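Data block below; observations after.
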Amino acid sequence: MKHSLYGCLLLAALGFGCAKTPATSEKSPITDAAKLRAAAPKYAATVTAADLSKHLHILASDAYEGRNTGEKGQKMAAEYIAREFREDGLQGPVQQGTNPYYQTFDLEKSLWGEGYMTVGKEKYLMMQDFFVTGSSPFQTEQAVEVVFAGYGIDAPNYSDYANLDVKGKVVVVLAGEPKGAAGKYLISGTEKASDWGSDYRTKRNAAMQQGAKAVLIVTGTNPGEFNSLTQRYKAHASRPSIGFKSKGEQTGTVIYVSPVAGAALLGTTTDKLFDYGKMVAQAGKPTAAAFKPAQDVKIKTERITSLLPTENVLGFVEGSDKKDEIVVVTAHYDHVGIDSTLQGDQIFNGANDDGSGTVAILELAEAFAQAKKEGYGPRRSILFMTVTAEEKGLLGSAYYSENPVFPLENTVANVNIDMIGRMDYQYEKRNDSNYIYVIGADKLSSELHRINEEVNQKYVNLKLDYTYNDENDPNRFYYRSDHYNFAKHGIPVVFYFNGVHADYHQPSDEVDKMLFDSAEKVARLAFHVTWELANRDNRIVVDSNKK
């Protein structure tokens with residue numbers, strides 16, 4: 001990317017420099033695919049365990065405070081990555097803002113404030129008598145109308161919403177799902193429960209489709225059971241959450257209420273409330289209840305929000321004869337920060353997750369930049385991007401996919417690296433680090449899958465493990481890292497991953513546990529695949545549809 005003289009002077013004054021032009025620093029580019037392929041091993045060899053270690057000892061040190069999104073350590077990491085890109089000669093491709101290496105955007109940080117329910121003169125407190133998930137339609141105190149909807153089920157063979165008007169109201173339902181007198185579940189007709197009893201979203205969605213303002217699920221049969229069942233909600237609700245700024249009216253609120261609060265809302269006792277289940281079992285179908293919901297009910301569940309600026313960090317190597325086509329190489333550089341409630345080590349350094357992928361990106365970027373200086377630059381352009389806020393829900397890559405610096409239709413493929421250079425539970429038993437889980441390469445392009453296998457056999461010889469590529473794998477890793485935000489737009493992806501271990505999302509995910517020789521091999525595999533994608537004569541085909 002060319003800059004005006006004024007632009008270069010301005011960037012230099014700001015400390016960002018200006019990428020050297022091919023006329024002054026680079027040899028004339030070679031565009032013959034065979035010659036470029038022959039040169040690949042030379043530049044792959046510059047990706048070394050020693051350099052990976054050097055970078056990671058910095059980025060995963062305590063000084064970076066766990067690189068939590070929007071906080072000091074993440075900003076320090078962004079500066080380090082941008083500086084490395086700049087010093088290696090990569091261009092900053094972002095035209096807006098003051099730093100061409102940053103794609104900046106605002107997230108929203110939110111946490112619960114004051115929360116309570118009043119039923120007449122009785123007051124029930126959030127984080128004690130009830131817990132909220134999702135958004136809040138009760139930012140200020142609001143009077144609400146309460147209606148009881150049994151178990152909150154709306155299935156073809158069993159509906160608690162028949163002849164029931166819940167539009168704009170607060171719906172109180174029982175947790176679980178009903179059984180008949182013979183002990184079989186009424187929904188399935190068998191001894192196997194359905195999603196109505198195990199997945200709260202099913203009841204939430206049914207209530208929202210009926211127009212309810214919120215659904216309150218009575219949880220547990222006594223105070224002790226309620227406290228036990230809601231511990232994880234309490235832990236989650238006590239921490240700030242980060243996401244994109246909410247738009248429009250808040251919907252989809254689920255509130256888990258104690259049996260005592262639930263009974264009060266319905267104007268009854270806990271014993272009579274749970275007798276309802278016996279009535280349904282005897283009748284074998286939805287049953288009208290004699291409850292008379294309280295009339296004087298007010299709810300407040302305040303959500304305090306603030307803007308949280310963050311940034312993806314981008315380094316660009318412009319291609320030669322096919323420069324309008326782009327290969328994107330990604331890793332997330334954020335982690336989860338500090339937990340001050342812990343005894344001992346409180347910093348989640350994230351050496352493996354995903355400091356390992358981040359330093360691999362730095363090494364690949366340096367190798368391609370060096371190749372370009374020597375006349376072996378890529379034919380297609382390559383965008384090296386370390387993304388933010390992956391730990392908050394793949395937000396950095398989601399932002400790029402909706403606000404791409406380069407058109408998605410010109411994006412050939414995404415190579416994503418997340419958690420390499422360790423052994424997972426299975427391979428640790430065998431003390432075998434010579435493997436990599438390959439995920440997604442065949443989902444959209446059979447050609448990408450073939451390229452990955454061929455260059456691995458030719459240059460690296462890792463065991464390619466496809467366990468987590470299985471559509472039926474319960475871990476669903478295909479949907480859990482940044483490549484997915486490219487795949488859902490129809491862009492072929494390959495995801496390299498060494499699996500989960502005991503230090504995952506723990507303060508013990510430290511640099512001294514990394515296997516840098518293993519990380520080197522995976523990074524070199526990613527290099528060779530990227531080199532092939534960037535230099536082959538034809539853009540890889542999209543011949544499948546497994547988004």
Side-chain angles (χ1 to χ4, degrees), residues 117-120 122 124 129-130 142-222 225-226 229 252-299:
M117 294 181 189
T118 59
V119 182
E122 294 294 323
Y124 300 93
D129 302 299
F130 67 93
Q142 295 183 35
V144 299
E145 184 176 350
V146 177
V147 60
F148 180 61
Y151 286 91
I153 294 170
D154 191 19
N157 63 332
Y158 186 108
S159 179
D160 286 305
Y161 288 100
N163 303 315
L164 190 64
D165 177 18
V166 302
K167 190 171 184 180
K169 302 174 185 178
V170 167
V171 178
V172 177
V173 304
L174 297 178
E177 60 180 295
K179 290 182 177 181
K184 294 182 178 181
Y185 289 102
L186 294 178
I187 308 302
S188 64
T190 69
E191 296 179 354
K192 185 178 180 180
S194 72
D195 287 343
W196 290 101
S198 60
D199 188 344
Y200 77 92
R201 293 171 296 186
T202 313
K203 294 186 179 185
R204 176 199 65 191
N205 295 343
M208 296 307 111
Q209 288 168 6
Q210 294 289 332
K213 192 162 190 176
V215 58
L216 282 61
I217 303 177
V218 179
T219 304
T221 58
N222 57 63
E225 192 174 24
F226 171 74
L229 291 171
T253 300
V254 175
I255 302 177
Y256 294 93
V257 298
S258 70
V260 173
L265 287 164
L266 296 175
T268 188
T269 65
T270 55
D271 288 342
K272 290 180 180 178
L273 178 59
F274 292 115
D275 281 343
Y276 177 79
K278 299 174 184 176
M279 294 168 54
V280 172
Q282 186 174 1
K285 61 182 181 180
T287 304
F291 307 139
K292 294 182 179 180
Q295 298 299 303
D296 185 14
V297 177
K298 298 182 178 70
I299 302 178

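Note that this is a predicted model, so its numbers are computed, not measured.
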Quiz item: If you measure from the Lys or Arg side-chain nitrogens to the Asp or Glu carboxylate oxygens, is any gap between Lys167 and Asp165 under 4.0 Å?
Solution: no

Taking the basic N atoms (NZ, or NE/NH1/NH2) and the acidic carboxylate oxygens, is any pair closer than 4.0 Å for Lys169 and Glu145?
yes

* Asked: So, Asp199 side chain and Asp195 main chain: donor-acceptor pair closer than 3.5 Å or not?
  -> no

d(Thr270 OG1, Leu266 CG) to nearest 0.5 Å is 12.0 Å

| task | Measure from the side-chain N and O atoms of Gln282 to the backbone N and O of Ala181, and report whether any donor-acceptor pair falls under 3.5 Å. | result | no

Is atom CD of Glu225 surrounded by more than 12 heavy atoms (other residues, nucleotides or ligands) closer than 6.0 Å?
-> yes

Open item on the list: Main chain of Ala206, side chain of Asp154: is a donor-acceptor contact present, judged purely on distance under 3.5 Å?
Closed with: no

- Query: Under 4.0 Å between a Lys/Arg side-chain N and an Asp/Glu carboxylate O for Asp275 and Lys272?
  - Reply: no

message = With heavy-atom distances below 4.5 Å as the criterion, would you say the side chains of Phe226 and Val257 are in contact?
response = no

Trace of the side-chain contact (heavy atoms from CB on, under 4.5 Å) decision for Ile153 with Tyr161
CA-CA 7 Å; Ile153 294 170; Tyr161 288 100; over 6 Å; no

Does the Asp129 side chain pair with the main chain of Ser258, one donor and one acceptor, at a distance under 3.5 Å?
-> no

Q. Hey, is the main chain of Val119 close enough, under 3.5 Å, to the side chain of Lys298 for a donor-acceptor pair?
A. no

Applied to residues 256-286, the ring pair (Phe, Tyr, Trp, His ring centres under 6.0 Å) test, sequence neighbours excluded, yields Phe148-Tyr276, Tyr233-Tyr256

**Study point:** Working for side-chain contact (heavy atoms from CB on, under 4.5 Å), residues Val170 and Val297
**Key:** CA-CA 10 Å; Val170 167; Val297 177; over 6 Å; no

Worksheet item: Does Lys203 reach the main-chain N or O of Leu174 with its side chain, forming a donor-acceptor pair under 3.5 Å?
Response: yes

Using the side-chain contact (heavy atoms from CB on, under 4.5 Å) rule, take Met117 and Val144 through it: C-alpha gap first, then chi angles, then the decisive distance, then the call. CA-CA 10 Å; Met117 294 181 189; Val144 299; over 6 Å; no

Residues 165-222 vs ring pair (Phe, Tyr, Trp, His ring centres under 6.0 Å), sequence neighbours excluded, gives none

Original post:
Can you check whether Glu122's main-chain N or O pairs, donor with acceptor, with Thr118's side chain at less than 3.5 Å?
Top reply: no

- Does a side-chain heavy-atom distance below 4.5 Å link Val172 with Val218? yes

Note: Ile255 and Phe130 closest approach over all heavy atoms is CG2-CD1, 3.6 Å

Heavy-atom closest pair (Ala264 atom, Tyr124 atom, distance to 0.1 Å) is CB-OH, 3.3 Å

> Just wondering, do Lys184 and Thr190 contact through their side chains at under 4.5 Å, heavy atoms?
Replying inline: no

Residues Val173 and Gly152: closest non-hydrogen pair is CG1-CA, 3.5 Å

- Task: Verify, without hydrogens or angle tests, whether Thr287 (side chain) and Lys285 (backbone) share a donor-acceptor contact under 3.5 angstrom.
- Result: yes

- Item | Minimum side-chain heavy-atom gap Ile217-Val254 below 4.5 Å | yes

When you look at CD of Gln142, are more than 12 heavy atoms from neighbouring residues, nucleotides or ligands closer to it than 6.0 Å? yes

Closest heavy-atom pair, Gly220 versus Pro259, reported as atoms and distance to 0.1 Å, is O-CG, 3.2 Å

In terms of heavy-atom contacts, Arg204 and Val215 come closest through CA-CG1, 4.0 Å

When every non-hydrogen atom of Ala193 is compared with those of Glu177, the smallest separation belongs to CB-OE2, 3.4 Å

